[in-house]
Undergrad: 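Next up is a structure, given as structure tokens.
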Amino acid sequence: MSFDPVFTFGTIAAAALIGLGVSHAVDGSQSGAPVAVGELVVLAPGSFNHSQPGEFLKDNHPAPAPVLKETIDTPLEIMKFQVSATDYDRCVSDGACKAADSRRAGNVPATGVSFTDAQAYANWLSARTGETWRLPTDLEWAYAAGERFRADIEAGEGDPADPARRWLTQYRNEVALGRKSDPEPRAPGSFGLNSKGVADIAGNVWEWTSTCYAHATMSGGGIASSISNCGVHVVEGFHRTYMSNFIRDGKSGGCAVGTPPDNLGFRLVHDHGGFLQAAVRRLGLI
Amino acid sequence: MLTRREALLGSVLTAAAVATLGSAPVMAAAKDVAGLPREKVTLVAPPFVHAHDQVAKGGPKVVEFTMKIEEKPMDIDADGTQLNAMTYNGSIPGPLMVVHEGDYLELTLINPDTNTLAHNIDFHAATGALGGGGLTLVNPGEQVTLRFKATRPGTFVYHCAPGGAMIPWHVVSGMSGAVMVLPRDGLKDDKGKPVHYDRIYYIGENDFYIPRDEQGKFKKYDSAGDNYDDTVKVMRGLIPTHVVFNGKAGSLTGQNAMKAKVGETVLIVHSQANRDTRPHLIGGHGDFVWEGGKFANPPAKDMETWFIRGGSAGAALYTFRQPGVYAYVNHNLIEAVELGATAHFTVDGSWDDDLMMQVEPPKAIAS
């Protein structure tokens, strides 16, 4: 594995799991097994060029997504691995999450979960730990994904007089990627680390983000206006796509081509109030 | 003591109500046929169709085909769900065979000894002997040759029908295909005016019934025989687990999407040997559609969706007028999207604003 020292502060805790006692939960009435929070990767602030999510109009015609310089201005603490089926099942046992439509249980990523499920898990974990856990934004996910980030499948500039040009280009680009279906979830780490030390980016589990789908109108190089639909959220993985909040299985059909998400899962971001102190506090609780 | 082969044959014949037909010799007007020219055709796997004349050149002839039956596991969706397939010539559906009215179709059917089951072929285009089924039962290690006269122009299903309970099981294991008997002077529109096609695609639709285990996962079996009891239970529920084109969900999408150009006329032959279906070309039409598939009847015009009866093949002629990506579906959309019956066309050419244009793109509602 190769870490990029510029972007990576390091991982919190060498141990794979940080045990958090029940006393740490906000709701003192909750009891049971300690909540396990997977290893975190802390990414240093930085700037990068980012292909924006959504659909874009320029001069009243579909246009490629603008690439804008974006900045992450505080350290980003993100789970090194996707939330596991075992972790998710703890939330289910607590009655705070609906059982997943997983293909497999145990030490594999939680799959068969919707945006709504992922939100429920983040809320539950926050309540149990007394800390803030949330889904990453599209921007944060892309930052953590680093060189493995792939935006929407490109449809090109197209021809204002011929809308079919972009449809055909996008279809052929998707075909050219040649990705084969790979539905069986694998053990965490199976898809390796990226240059930032984040595991399993762009494997066979696509991940929910907190960013809403949007129609945006461009003017010049920037976005002039945007209408978002938060019933649909950005999903990231091998490619970026958009899924209704209640979808648990992103299978394609009808007009879609052939690269639907194999599985839907998620990882969370930890909103830190001084991450080192938080780490020390947590380690002290073990 | 019975050999394995005799046991298989015996069980099939016992099950078959057709046993009394036995294997009567082919003894029609063989002398008349003997003088006819013969043509040997090499079949190609669907959705493609072997080269053929749309208007017959010269008089009737004997057109020879050979198909080898292959029993083998095949994936029927992207999840790797497996069918213990029985196939004509290795593909689901079996290849489309094209002849002209008045021609003789002569098929040599080979059942290699690597197979475990007896098979035959029932041609809906043929007359007598249960469509030829009564004359073509071959055990592993045997081959048979059948000739029939193509007396009726149209698209017709063929399928395996080895008797009794074996019939639906072999069909839903993949053993069906189609024959197209063209009028000698080619296809005609509703007014009797000749029409031709620039491309032809053959789509065979299948309903599959894969058993599940206690966890709801699709089961895998070592051989076709092992799945029989479980599969029949699913079949009797009449609700397929998969409804797919050409043997697999997604078999005609992406890399394998069908191709056409604006201005080209495409003939789509669609067969379903077991169950009703309703093809629809999203964003297009059927200019001329032989729903029942029989070319002596005038085609219906301007169809949005057409009906293919289970156990038949139909044909739809369409000239593409707009470029883009088209989905060709069974317009029971649950079957199209959830169960797999979706194919794609990619069509190149110039967009026609007169036929359609986006007058205003999506924007905030004007208050």
Side-chain angles (χ1 to χ4, degrees), chain A residues 54-63 101-105 155 158-184 204 214-218 224-229 249-263, chain B residues 75 77-81 215-217 243-244 248-257 259 262 280 282-283 320-331 333-353 355-365:
Chain A
E55 301 210 23
F56 297 86
L57 285 177
K58 196 174 188 177
D59 303 325
N60 275 347
H61 291 292
D101 292 338
S102 295
R103 293 166 189 276
R104 284 177 62 192
D159 175 355
D162 184 354
R165 196 72 61 84
R166 294 187 91 246
W167 303 331
L168 286 164
T169 301
Q170 186 174 40
Y171 191 93
R172 284 166 184 153
N173 283 344
E174 186 165 344
V175 168
L177 291 172
R179 191 177 189 282
K180 296 272 182 284
S181 170
D182 179 17
E184 205 60 40
N204 67 355
H215 276 176
T217 303
M218 291 165 66
S225 66
S226 175
I227 294 178
S228 59
N229 171 5
D249 180 355
K251 285 280 144 54
S252 75
C255 301
V257 189
T259 315
D262 293 314
N263 295 289
Chain B
D75 284 356
D77 61 25
D79 292 343
T81 304
Q215 279 80 47
K217 287 192 167 186
V243 178
V244 304
K248 182 180 181 181
S251 66
L252 299 175
T253 65
Q255 196 77 53
N256 301 315
K259 291 174 180 58
V262 169
H280 172 89
I282 300 178
F320 281 96
R321 290 162 176 82
Q322 202 78 293
V325 180
Y326 289 74
Y328 176 89
V329 299
N330 169 343
H331 209 287
L333 295 169
I334 302 162
E335 297 181 6
V337 177
E338 296 293 333
L339 300 189
T342 297
H344 292 152
F345 281 93
T346 54
V347 180
D348 286 299
S350 299
W351 183 264
D352 182 350
D353 273 343
L355 284 172
M356 183 184 283
M357 70 177 295
Q358 186 180 48
V359 179
E360 261 195 319
K363 62 176 191 178
I365 296 167

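Only heavy atoms go into these numbers, but all of them, side chains included; no hydrogens, no water, no symmetry mates. Just so we're on the same page: letters track the sequence lines, and every chain starts at 1.
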Undergrad: Might you point out which heavy atoms bring A:Ala164 and B:Trp351 nearest each other, and give the distance in Å?
TA: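 That would be CB-CE3, 3.9 Å.
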Undergrad: What closest approach, in Å, do B:Asp353 and A:Ala161 show between heavy atoms, and which atom pair accounts for it?
TA: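 Here B:Asp353 and A:Ala161 meet closest at OD1-O, 4.3 Å.
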Undergrad: Surrounding NZ of B:Lys259 (heavy atoms of other residues, nucleotides or ligands, distance under 6.0 Å), is the total greater than 12?
TA: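 Yes, the 6.0 Å shell around NZ holds more than 12 heavy atoms from other groups.
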Undergrad: At a heavy-atom separation under 4.5 Å, does A:Leu57 approach chain B through its side chain, its backbone, both, or neither?
TA: side chain
Undergrad: Do you know which of A:Arg172, A:Arg166, A:His61 has the most heavy-atom pairs under 4.5 Å to chain B?
TA: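 Result: the option with the highest number of such pairs is A:Arg172.
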Undergrad: Nearest 0.5 Å, what's the CG-CD distance between A:Asn60 and B:Gln358?
TA: 8.0 Å
Undergrad: Can you tell me if CD1 on B:Ile334 sees more than 12 non-hydrogen neighbours from other groups inside 6.0 Å?
TA: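 No, CD1 of B:Ile334 has 12 or fewer neighbouring heavy atoms, counting only those of other groups under 6.0 Å.
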Undergrad: Any side-chain heavy-atom pair from B:Val347 and A:Trp167 closer than 4.5 angstrom?
TA: no
Undergrad: Between A:Arg165 and chain B, which part of the residue has a heavy atom less than 4.5 Å away: side chain, backbone, both or neither?
TA: neither
Undergrad: Ignoring hydrogens, what is the shortest heavy-atom contact between B:Gly349 and A:Asp162? Give both atom names and the distance.
TA: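 In terms of heavy atoms, the two residues are closest at O-OD2, 3.6 Å.
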Undergrad: Taking atom CD of B:Glu338 as the centre, does the number of heavy atoms from other residues, nucleotides or ligands within less than 6.0 Å exceed 12?
TA: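 No.
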Undergrad: Do you know which two heavy atoms are closest between B:Gly254 and A:Tyr171, and how far apart they sit?
TA: N-OH, 2.7 Å
